[in-house]
Amino acid sequence: MLTPDDLREAGVDALLVTALPNVRYLSGFTGSNGMLLVTPEGTTLFTDPRYTIQAEAETGARVVIAKGPLEPTVWKHCRRFRKIGFENTRISYPVYQSFEKELKLGASLEPFGDRIERRRMVKTPAEIKAIRESVQINSQAFAAALTRFRAGITEADFAAEIEYQMRLLGADKPSFDTIVAFRENSARPHARPGRAKIDGNGLLLTDMGTFRGGYASDMTRCVHLGTPKPQTRKLYRAVLEAQTSALDKIRPGVTAGQVDRAARQALRNHGLEKAFVHSTGHGLGLEIHEAPRLGRKDATRLVPGMAVTVEPGAYLEGTGGVRIEDTVLVTPTGVEILTPTSKSLIVI
Ligand code: ZN
Ligand code: ZN
C-alpha cells in the first residue's frame, strides 16, 4: 500500500516502520512484535520466532525471523540505503538510538512524519466493512447488557457485563476501557467505572467500543434511572442538538475544525460552551483514536471514506454530564451514521 513513488516523494530510499498499527496496515501482520522495511523492491517483515507460523499466514511480505531483539537484524537489511525514513512521531528513543549508532558516513535517518496515518484516514471498502461490523456488535452488546441491567449493580459490574456481551457477539476485544459513570461521576468525561452502586434516580453514561477484525467502533449513550429532572432533559436536548449540528455539517470538503465549531456553537446557544471540554470527535480504524481530530484547529478536509466519531458533551461538576457519540462515515454526499442505537434519552 506504499509505492516506490511514496518513498521518492518523501525523499527516502527505504522506510522503517515501527508503529504496530502501521505494520499491520501495510502488511496484515497482527503480532505484538514486528517492524517493516519498505523498499522500492518490496516489503520485509521482521518478527520473532513466536510468530513464525502466524507471520507466514498473515502477510504477503517477505518474512525474516530474528532471534533476540529485532533491531540488529533489521539494521543488516538497511545498510545499503543512504536515506532511511523512520516514523519520527512513533519510534521509541532506544530503538532510534540503536539505528542511529549504526549509520555509516553519508547515510541518514529521515523523518517520515505522519504520511502513513494520513493515508489511513481514508478507509478501503474492506476496512469500512470491518468498521460496520464492529459498530453493529457494539450496539448489540449495549442492548444485551441493558436487558440484563438490574438496579443495585455497580458501575464496574455493568462495564464487565458490556465487555462480556461484546465477546459473546464476536468482538476481538473492547477498543478501550469501557466507561460507565453514574450521576455526578458522569461529569468526568473519562471516568473509570468503580464500586458506586447504580441505584435510585440518576443519569448513567456509557461509552463503549469494540475491535472487530482489528477495526474499532465507539459509542456513547445515556440512560436515566427513574424520571429525569427537567434540567437533565434540557442538558440532554442541548447536547443532542450539538451532535445533530455537527452531523449536519459533515460532507466532503468541509474541514474537521468546521464540524467542531458547529457543535460548539450549538452548545454556546445554551450557555454550555465552557461545559464542553474536549474535541467533537476523532477518526478511528485500526486504532481507537486516529486522524483527523474533529477539533478547533484541525484543518483536514473531509473526504469520502473517512470514519470518524461525533461526540459532543457537556459536563457540570457535582451534577453530571451528557455525551452522545456515534461512529459515522463520510460519504460522497454527506454523512452516514453507522451507529444504529437510538439517541432518545432512554428511561429505565
Ligand atoms: Zn467513546
Ligand atoms: Zn470517541
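Worth saying up front: this structure is predicted, and the values here are computed from it rather than measured. First listed ligand is number 1; within each ligand, the first listed atom is number 1.
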The Zn ion (ligand 2) to nearest N/O/S of D218 below 2.8 Å: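 Yes.
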The Zn ion (ligand 2) contact by H282, N, O or S atom under 2.8 Å: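 Here the distance criterion (N, O or S atom, under 2.8 Å) is met by H282, so yes.
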salt_bridge(E9, R119) N-O dist < 4.0 Å: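 Salt bridge: no.
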Angular separation of D207 OD2 and E325 OE1 about the Zn ion (ligand 1), given to 10°: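 It rounds to 110°.
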D248 and S245: side chain donor to acceptor below 3.5 Å: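 No donor-acceptor contact under 3.5 Å links the two side chains.
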Donor + acceptor pair across side chains of E163, T178 (<3.5 Å):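 Indeed, the side chains of E163 and T178 share at least one donor-acceptor pair under 3.5 Å.
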Minimum-distance atom from the Zn ion (ligand 2) among N, O or S atoms of E311: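 For E311, the N/O/S atom sitting closest to the Zn ion (ligand 2) is OE2.
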Interatomic spacing from CG in N138 to CD1 in I131 - rounded to 0.5 Å: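 If we round to the nearest 0.5 Å, N138:CG and I131:CD1 are 12.5 Å apart.
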